[in-house]
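Working notes, structure below.
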Amino acid sequence: QVQLVESGGGSVQAGGSLRLSCAGSRYALTPYCAAWFRQAPGKEREEVARIGGDGRIIYADSVKGRFTISRDRTKNTLDLQMNSLNPEDTAIYYCAAQPGAWRCSPTGYTLWGQGTQVTVSS
């Protein structure tokens, strides 16, 4: 059964850093479209960053210059390095994938992880 499992969440003070990692079975995360989403309490889920099969990366404006998405094709993992965190980054973070999709489609995410909590205190 294909699964995505996130790790690396936790609590940090404003200005700090965290690194999230998502592990998946072969061909779940690589080499196809994969992304990180987040959902804060009372807010809609939003896409934070995505990477296509061609390596094209898109970031949400709110995290540009602070977050970096990357993946390791040999380990089948998707990472999100988060720097200069602020309280507005507090949310549950999910990794998601579109197996078989070289280019990302907004509604094409068919695999989701269970989420990992990130809490940033001021």
Side-chain angles (χ1 to χ4, degrees):
Q1 184 177 359
V2 179
Q3 285 185 317
L4 300 179
V5 180
E6 302 96 338
S7 62
S11 297
V12 65
Q13 289 190 328
S17 298
L18 283 173
R19 187 177 183 89
L20 306 182
S21 186
C22 178
S25 56
R26 191 177 183 185
Y27 300 126
L29 288 170
T30 61
Y32 305 112
C33 172
W36 284 96
F37 286 76
R38 67 185 180 186
Q39 187 165 21
K43 295 187 178 181
E44 293 187 354
R45 185 173 60 197
E46 65 169 337
E47 185 180 89
V48 173
R50 68 174 183 262
I51 181 168
D54 58 0
R56 185 185 182 198
I57 293 175
I58 301 293
Y59 294 101
D61 288 342
S62 58
V63 305
K64 280 181 182 176
R66 300 188 299 121
F67 290 12
T68 302
I69 189 172
S70 62
R71 63 176 158 202
D72 188 321
R73 293 174 184 263
T74 61
K75 296 181 180 178
N76 295 314
T77 57
L78 181 74
D79 292 345
L80 185 69
Q81 177 66 42
M82 305 185 295
N83 299 327
S84 301
L85 286 162
N86 58 62
E88 289 70 38
D89 296 316
T90 296
I92 298 175
Y93 284 72
Y94 301 88
C95 69
Q98 301 185 20
W102 196 251
R103 300 181 68 178
C104 295
S105 167
T107 59
Y109 295 99
T110 56
L111 289 181
W112 292 85
Q114 81 288 352
T116 186
Q117 177 70 48
V118 171
T119 302
V120 184
S121 59
S122 57

Donor-acceptor contacts, no H, no angles, side chain residues 71-78, under 3.5 Å, sequence neighbours left out:
from	atom 1	to	atom 2	distance (Å)
Arg71	NH1	Leu29	O	2.9
Arg71	NH1	Tyr32	O	2.4
Arg71	NH2	Pro31	O	3.1
Arg71	NH2	Tyr32	O	3.4
Arg71	NH2	Gly52	O	2.7
Asp72	OD1	Thr74	N	2.9
Asp72	OD1	Thr74	OG1	2.5
Asp72	OD1	Lys75	N	3.1
Asn76	OD1	Thr30	OG1	2.9

Nearest heavy-atom approach of Ser122 to Pro87 is CB-CG, 3.9 Å
Quick one: salt bridge (Lys or Arg N to Asp or Glu O under 4.0 Å) partners of Arg19, sequence neighbours excluded? Asp79
Do you know the tightest heavy-atom contact between Ala28 and Leu4? CB-CD2, 4.1 Å
Looking only at non-hydrogen atoms, find the nearest pair between Val118 and Leu18 and report the distance. CG1-CD1, 3.8 Å
Nearest heavy-atom contact between Ala34 and Ile69 is O-CD1, 4.3 Å
Report yes if the side chains of Ser62 and Glu88 come closer than 4.5 Å at any heavy-atom pair, otherwise no. no
List for me each residue that meets salt bridge (Lys or Arg N to Asp or Glu O under 4.0 Å) alongside Arg38, sequence neighbours excluded, and say none if there are none. Glu46, Asp89
Donor-acceptor pair, side chain of Gln98 and main chain of Ser105, under 3.5 angstrom: yes
By side chain to side chain donor-acceptor pair (under 3.5 Å), Gln114 pairs with (sequence neighbours left out) Glu6
Could you note down all residue pairs passing disulfide bond (SG atoms under 2.5 Å apart) where residues 43-74 supplies at least one of them, sequence neighbours left out? none
Over 60° means perpendicular and under 30° means parallel, so tell me whether Phe37 and Tyr109 are parallel, tilted or perpendicular. perpendicular
What's the shortest heavy-atom distance between Tyr94 and Gly113, and which atoms? CD2-O, 3.6 Å
Please identify each residue that fulfils side-chain contact (heavy atoms from CB on, under 4.5 Å) with Ser7, with sequence neighbours left out. Ser21
Common cluster, Val12/Ile92, ILVMFWY with side-chain heavy-atom separation under 4.5 Å: no
Is there a donor-acceptor contact under 3.5 Å from the side chain of Thr119 to the main chain of Thr90? no
Kindly work out whether a path of hydrophobic side-chain contacts (I/L/V/M/F/W/Y, heavy atoms less than 4.5 Å apart) joins Trp112 to Tyr93. no
Which pair of non-hydrogen atoms, one from Asp54 and one from Arg56, has the smallest distance, and what is that distance? OD1-N, 3.0 Å
Sorted by chain and number, sequence neighbours left out, salt bridge (Lys or Arg N to Asp or Glu O under 4.0 Å) with Lys43 holds for none
Give a yes or no on whether Leu20 and Ile58 share a hydrophobic cluster (residues Ile, Leu, Val, Met, Phe, Trp, Tyr; joining criterion: side-chain heavy atoms under 4.5 Å apart). no
What pairs meet the disulfide bond (SG atoms under 2.5 Å apart) rule with one or both residues in residues 32-80, with sequence neighbours excluded? Cys33-Cys104
Can you measure from CD (Gln13) to CG (Leu85) and round to the nearest 0.5 angstrom? 11.5 Å
List in chain and number order the residues that pass side chain to side chain donor-acceptor pair (under 3.5 Å) with Tyr59, two or more places apart in sequence or in another chain; answer none if no residue qualifies. none
Can you list every disulfide bond (SG atoms under 2.5 Å apart) pair that touches residues 47-102, not counting sequence neighbours? Cys22-Cys95
Side-chain heavy atoms of Val48 within contact of Met82, under 4.5 Å: no
Nonpolar side-chain network containing Val5, other nodes, edges under 4.5 Å: none
Hits for ring pair (Phe, Tyr, Trp, His ring centres under 6.0 Å) against Trp102, two or more places apart or cross-chain, chain-then-number order -> none
To the nearest 0.5 Å, how far apart are OG1 in Thr68 and CD1 in Ile57? 8.0 Å
